Enquirer: 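First the structure, then my questions, so here it is.
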Number of protein chains: 2
Amino acid sequence: MGASNLTIHSQEQIDVAAIAKVLAHPARVAILEYISQQDSCICNDIVDKIGLSQPTISQHLQIIRQAGLIKGSFEGKSICYCLDVKRFKEFQDLFNIYFNTTTANCC
Amino acid sequence: MGASNLTIHSQEQIDVAAIAKVLAHPARVAILEYISQQDSCICNDIVDKIGLSQPTISQHLQIIRQAGLIKGSFEGKSICYCLDVKRFKEFQDLFNIYFNTTTANCC
DNA sequence: AATTAATATTGCAATATTACGATTATACCT
DNA sequence: AGGTATAATCGTAATATTGCAATATTAATT
């Protein structure tokens, strides 16, 4: 990439972009969807379901986890990954605030 | 990238990811915000406002244009880029459908 | 037609992302 | 402790993204 310009974007713009980035891959969209549909979910299940290798899924899970969208807790030998519904709603709100304040039209 | 696995994601998942990708960069978030705030907007204005070079802005504009989020029409020597509000709302709806159907909790 | 202003395109470098095999850690079970 | 199942991490290759300088294109104006 070119020299990272010290372009000043607003914090809101950076936040919206960061959230969008998490959802910018079909696998992560699918993983979140899948997790929300399960009573209890385990990485290996996801591997079977999505059709990517275990390390790749694990990598995607890490990105989702770092964004705070899921919480993992051990349950026997497996980890139960659960949606952080509160955080998920925060994401949705931030998006809608952005969408709702960005709809004026010049033409 | 590794061999592109023929992973089957649903069309909805692919669509959500594609939309998210457009918004996954602060510059594009900022551009959309700026365009929606103007009565009439011109690329060079954006260049001054965002602080990236003209080719870079033009590139981002192309990505936004290809997603159908803005329409450009010539107005004298400049191009007037306008938000496609209808398309923008479609984006928002798709996102909200995704967010609303993906909020169950297992823990 | 030449000039000028505005935007797009090209070419290329730096970096980020995605994917997977191999390996390592973790935790249960015998 | 040793064995087994599950998930994380490491290393690395392929590809995508981002950014800009240089150049080309487009359209109004002289």
Side-chain angles (χ1 to χ4, degrees), chain A residues 1-9 13-14 17-31 34-35 38 40-67 70-82, chain B residues 1-9 13-14 17-31 34-35 38 40-67 70-82:
Chain A
M1 205 190 304
S4 183
N5 211 316
L6 288 182
T7 309
I8 298 123
H9 298 297
Q13 286 159 0
I14 292 167
I19 295 169
K21 215 166 190 178
V22 175
L23 300 174
H25 196 290
R28 289 195 288 272
V29 173
I31 288 170
Y34 181 70
I35 288 182
Q38 305 308 307
S40 143
C41 43
I42 281 138
C43 180
N44 246 8
D45 288 3
I46 300 175
V47 173
D48 295 340
K49 183 72 183 175
I50 314 279
L52 291 167
S53 74
Q54 183 267 319
T56 301
I57 294 289
S58 191
Q59 213 170 239
H60 282 304
L61 281 170
Q62 195 187 9
I63 291 167
I64 298 172
R65 208 183 331 124
Q66 280 169 352
I70 52 175
K71 292 175 289 192
S73 57
F74 279 93
E75 191 161 295
K77 262 177 288 193
S78 310
I79 286 183
C80 172
Y81 271 121
C82 302
Chain B
M1 205 189 302
S4 180
N5 212 316
L6 289 184
T7 311
I8 297 126
H9 299 298
Q13 287 160 358
I14 292 168
I19 295 170
K21 215 167 191 179
V22 175
L23 300 174
H25 195 289
R28 289 194 288 272
V29 172
I31 288 171
Y34 181 70
I35 288 183
Q38 304 309 305
S40 143
C41 43
I42 281 139
C43 180
N44 246 6
D45 288 4
I46 300 174
V47 172
D48 294 341
K49 183 71 182 178
I50 313 279
L52 291 167
S53 74
Q54 182 267 319
T56 301
I57 294 290
S58 190
Q59 214 168 240
H60 282 304
L61 281 171
Q62 196 186 10
I63 291 166
I64 298 171
R65 208 183 332 123
Q66 279 169 354
I70 53 175
K71 291 175 288 191
S73 57
F74 279 93
E75 192 162 293
K77 263 178 290 194
S78 310
I79 287 183
C80 172
Y81 271 119
C82 302

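Numbered from 1 within each chain, the chains take letters A, B, ... in sequence-line order. Source: prediction; values computed, not measured.
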Enquirer: Got a sec, which residues hit side chain to side chain donor-acceptor pair (under 3.5 Å) with A:Thr56, two or more places apart in sequence or on another chain?
Expert: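 If we apply the side chain to side chain donor-acceptor pair (under 3.5 Å) test to A:Thr56, skipping adjacent residues, the hits are A:Ser53.
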
Enquirer: Side chain to side chain donor-acceptor pair (under 3.5 Å) with B:His25: which residues, sequence neighbours excluded?
Expert: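 Here no residue qualifies.
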
Enquirer: Rounded to the nearest angstrom, tell me the gap between atom CD1 in A:Ile57 and atom P in D:dT6.
Expert: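 Taking atom P of D:dT6 as the reference, CD1 of A:Ile57 is at 16 Å.
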
Enquirer: Rounded to whole angstrom units, what separation is found between the CD1 atom of A:Ile31 and the C1' atom of D:dA7?
Expert: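 The answer, rounded to whole Å, is 13 Å.
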
Enquirer: Would you say a side-chain N or O of A:Lys21 is under 4.0 Å from OP1 or OP2 of C:dA16?
Expert: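 Result: no.
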
Enquirer: Are the side chains of A:Ile57 and A:Cys43 in contact, using a 4.5 Å heavy-atom criterion?
Expert: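 The answer is yes; the side chains approach within 4.5 Å.
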
Enquirer: Using whole Å, report how far CG of A:Leu52 lies from P of C:dT17.
Expert: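 After rounding, the reported distance stands at 17 Å.
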
Enquirer: Which residues satisfy the side-chain contact (heavy atoms from CB on, under 4.5 Å) test with B:Ile19, sequence neighbours excluded?
Expert: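 With neighbours one apart ignored, the set is B:Phe91, B:Leu94, B:Phe95.
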
Enquirer: A:Ile64: what forms a side-chain contact (heavy atoms from CB on, under 4.5 Å) with it, not counting sequence neighbours?
Expert: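 By the side-chain contact (heavy atoms from CB on, under 4.5 Å) rule, A:Ile64 matches A:Val22, A:Arg28, A:Ile31, A:Leu32, A:Leu69, A:Ile70.
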
Enquirer: Check whether any side-chain N or O of A:His60 sits under 4.0 Å from OP1 or OP2 of C:dT17, and answer yes or no.
Expert: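 For A:His60, the contact criterion (side-chain N or O under 4.0 Å from OP1 or OP2 of C:dT17) is not met.
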
Enquirer: Which residues pass the side-chain contact (heavy atoms from CB on, under 4.5 Å) test with B:Gln59, sequence neighbours left out?
Expert: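 Applying side-chain contact (heavy atoms from CB on, under 4.5 Å) to B:Gln59 gives none.
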
Enquirer: Nucleotides 7-9 of chain C: which of its N/O atoms have a protein N/O under 3.5 Å away?
Expert:
residue: C:dT7; atom: OP1; partner: B:Cys43; partner atom: N; Å: 3.2
residue: C:dT7; atom: OP1; partner: B:Ile79; partner atom: N; Å: 3.3
residue: C:dT7; atom: OP2; partner: B:Asn44; partner atom: N; Å: 2.9
residue: C:dA8; atom: OP1; partner: B:Tyr81; partner atom: OH; Å: 2.5
residue: C:dA8; atom: OP2; partner: B:Ser58; partner atom: OG; Å: 2.9
residue: C:dA8; atom: N7; partner: B:Gln54; partner atom: NE2; Å: 2.7
residue: C:dA8; atom: N6; partner: B:Gln54; partner atom: OE1; Å: 2.9

